[in-house]
Amino acid sequence: MLEIKNLHASIEDTPILKGINLSIPDGEVHSIMGPNGSGKSTLARVLAGEDVYEVTDGSVIYNGKDLLDMDPDERAREGLFMAFQYPVEIPGVSTKYFLRAAVNAVREHRDLTELDAYEFLKMVKEKAEILDLDTSLLDRSVNEGFSGGEKKRAEIFQMAMLDPGMCVLDETDSGLDIDALKVVSDGVNALRDGTRSFLVITHYQRLLNYIVPDRVHVLMDGRIVETGGRELAIRLEEHGYASIEAASA
Amino acid sequence: MPEDPNLALDNWAEQTDYKWGFVTDIESETLPPGLNEDTIRGISARKREPEWLLEWRLKAYRHWLTMEEPEWAHFPDHDWRPINYQDISYYSAPKSDDDRPKSLDEVDPKLLETYEKLGIPLEERAALAGVAVDAVFDSVSVATTYKGKLKEAGVIFCPMSEAVHDHPELVKQYLGHIVPPNDNYFAALNSAVFTDGSFVFIPKGVTCPMELSTYFRINALSTGQFERTLIIAEEGASVSYLEGCTAPMRDENQLHAAVVELIALDDANIKYSTIQNWYPGDENGVGGIYNFVTKRGLCEGDRSHISWTQVETGSAITWKYPSCILKGDDSIGEFYSVALTNMKQQADTGTKMIHLGKNTRSNIVSKGISAGNGQNTYRGLVKVRPKATNARNYTQCDSMLMGDRCGAHTFPYIEAENDTAVIEHEASTSKIGDDQIFYLNQRGITPEDAVSMIVNGFCREVLAELPMEFAVEAKKLLEVSLEGSVG
């Protein structure tokens, strides 16, 4: 359960989030939609704890714990995962090496035993099958020279490996063609298990054709201006954000 | 000088009116500070050296007097004070066991903590911390085991001072062959006052049966200040030598001026790896070692191969350019380097690849990491002489910056005198990205682990050149050296 209350955040003294209220119960998929510059990605990054953003007011409680009080790595170990809009390249560090370190950091936090190389590779194989991922990608440096589609698939694969309780997808559909979009969505859907929650951030409705949300929230100028079911997303596709802007003005 | 070394010693003491117990208290002797011909005679006599070597030293000293301390290195921030060479003591015998700590309980806990972090084997920690070795384990027997194995293969591996007596013809032939005593200011100084170092001889066709490293770590700890090393690989011979240690060395000597010479004959292969972690000084740049080293290899024979690998994380100032003279046709020279500067450390390091023979190839991979107020300079020369037809060089020179108070500088010099030469130079400078650290954090990895992962990735090609066990230690060393530089 993620509970965001009256969240305000700024970057270099410019307010971006101006009072977000949102609660995501376990097992639900919520989508945040909004025009460019509305604060969608800022919300994702504030939740993950990127320090260029300053939280000026409000609270975020995740599974009863104060998320804002934790460092980014602690949040991750507590079960918050963010799929990046632009996954970062780390030259010279193999994806497998990195991922094993990450998986074991999370496992240690959960009082699980460290995976040895054999157990880790077994897990890689299992999860790769579910997501239909070519594991040769994992021998390459983290995200280095990956195509746009490969990067996004690798993000979803990492998500599967780390077994988070709360997944934030930051415009995962951007830059994907329709085939890649379908592959990535299938991956996400495979991870929907009734307890894991998702916050799917997107500009376009089309992603929601594949990842069907329980709730849709429209974010404009740092506030949630409308909340509804899936039909809200469809309405947005037909009439554009301007229709809501006009209605809420 | 008379030939009998003991007599020589007595004579010297008389002649110089020496009053500080050099002769009487032989266990704890240290020459008083100062450098003149008598100092050199004293060192030579103490080491019972033959006349020719004393003359060689004196000649070097006389030449040194005519030279000027170099000032060309790029140390933008250093308040350079000239070194007072008369303040240095040029001979200090190893401490007797009575003066050493008796057990690890008497050793600075901070030092032990670092050994722990670096994963240095327990039995080696004591030796490194200067504990009287006999109290911990029998180093003599360890040494004997190694020696037996090497002897069987025909390999000579001994202290230089021993080689002077046991293998004078080899030492005489090769000492100063690659780095002549008048080569540069610090090489001249080293030639005049060197105390010890290693001598390695691998006979024709022999592959040295072990890495010359473990043995070295335990036995050659006190060769510090003016080291002199000579490695000769005959036709078809092969050897891998590792000097230094990841453990921080507590050393009171501020000036280090080592000379290393390598000679590879036809089809010989020498791999020389260094891990340097001398005391870097404190955060304000107070103290620390000045490390002024001359290292040079001669690929004398056809198809010979010399490879330098270095991980440099210590010393307040480092000047070091391990070089290869590619004289034999089809010979290969390589240089792989990681230099890390933190706090107020300054490193000016690189290599020289001198192509003389046909089809000679050289490969340079340099990784500089600057953190804190550190300044890191790559300085490299690739020179292709007129007869070096079809010479090839590839240079890759990458710098990584952490924070905004450090600096990275690159000075490549290229001189091609043969039209067929192909020389490539690639350089990059990157800042360790907050976005990279954040990305790894978001996967549950702590900021410290994130930085070491990124840095190790950056250095991967160089670390891959190290013998396995040392690669592991080198990775940890980079972590420890960067501790506290995040954020």
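Source: prediction; values computed, not measured. Each chain gets a letter, A, B and so on, in the order its sequence line appears, and its residues count up from 1.
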For the pair B:D435 and A:Y86, evaluate side chain to side chain donor-acceptor pair (under 3.5 Å) and give the outcome as yes or no after the intermediate values. CA-CA 10 Å; B:D435 57 341; A:Y86 303 108; over 6 Å; no
Please check if atom CG in A:D139 has more than 12 non-hydrogen atoms from other residues, nucleotides or ligands closer than 6.0 Å. yes
Looking at B:K271, I want to see if its NZ is surrounded by more than 12 non-hydrogen atoms of other residues, nucleotides or ligands under 6.0 Å. yes
So, the part of A:Q158 with a heavy atom under 4.5 Å from chain B: the answer is side chain
Counting only non-hydrogen atoms closer than 4.5 Å, does A:L80 touch chain B with its backbone (N, CA, C, O), its side chain (CB onward), both, or neither? both
Counting neighbours of CD on A:E108 that are heavy atoms of other residues, nucleotides or ligands and sit closer than 6.0 Å, is the number greater than 12? no
Considering only heavy atoms, which portion of A:V142 lies under 4.5 Å from any heavy atom of chain B: side chain, backbone, both, or neither? side chain
Engaged part of A:D71 at the chain B interface, taking heavy atoms whose separation is under 4.5 Å: neither
Working to the nearest 0.5 angstrom, can you tell me the gap between B:N456 CG and A:I90 CD1? 12.5 Å
Between the CZ atom in A:R77 and the OG1 atom in B:T446, the distance rounded to the nearest 0.5 Å is 7.0 Å
Chain B contact via A:L162 - which portion, at a heavy-atom distance below 4.5 Å: side chain
Is it the backbone or the side chain of B:F458 that comes under 4.5 Å from a heavy atom of chain A, or both, or neither? backbone
Just checking A:F120: does its CZ atom have more than 12 heavy atoms from other residues, nucleotides or ligands closer to it than 6.0 angstrom? yes
How many angstroms lie between atom CD1 of B:I445 and atom CG of A:L99, to the nearest 0.5 angstrom? 8.5 Å
Looking only at non-hydrogen atoms, find the nearest pair between A:A105 and B:G444 and report the distance. CB-O, 3.4 Å
Among A:R45, A:E50, A:H109, the residue with the most heavy-atom pairs under 4.5 Å to chain B is A:E50
Heavy atoms of other groups near B:D434 CG, more than 12 under 6.0 Å: no
Do A:V93 and B:I454 have side chains that get closer than 4.5 Å, going by heavy atoms? no
Using non-hydrogen atoms only, which part of A:P87 is less than 4.5 Å away from chain B: side chain, backbone, both, or neither? both
Between A:P91 and B:R460, is there a side-chain heavy-atom distance shorter than 4.5 Å? no
Kindly check if the number of other-residue, nucleotide or ligand heavy atoms within 6.0 Å of CZ (B:R361) is above 12? no
Checking the side chain of B:Q442 only, and the main-chain atoms of A:A48 only, is there a donor and an acceptor separated by less than 3.5 Å? no
Contact part of A:E89 toward chain B, heavy-atom cut-off under 4.5 Å: side chain, backbone, both or neither? backbone
So A:F84 and B:F438, ring pair (Phe, Tyr, Trp, His ring centres under 6.0 Å) or not? Walk me through it. CA-CA 11 Å; A:F84 282 61; B:F438 178 66; 5.8 Å; yes
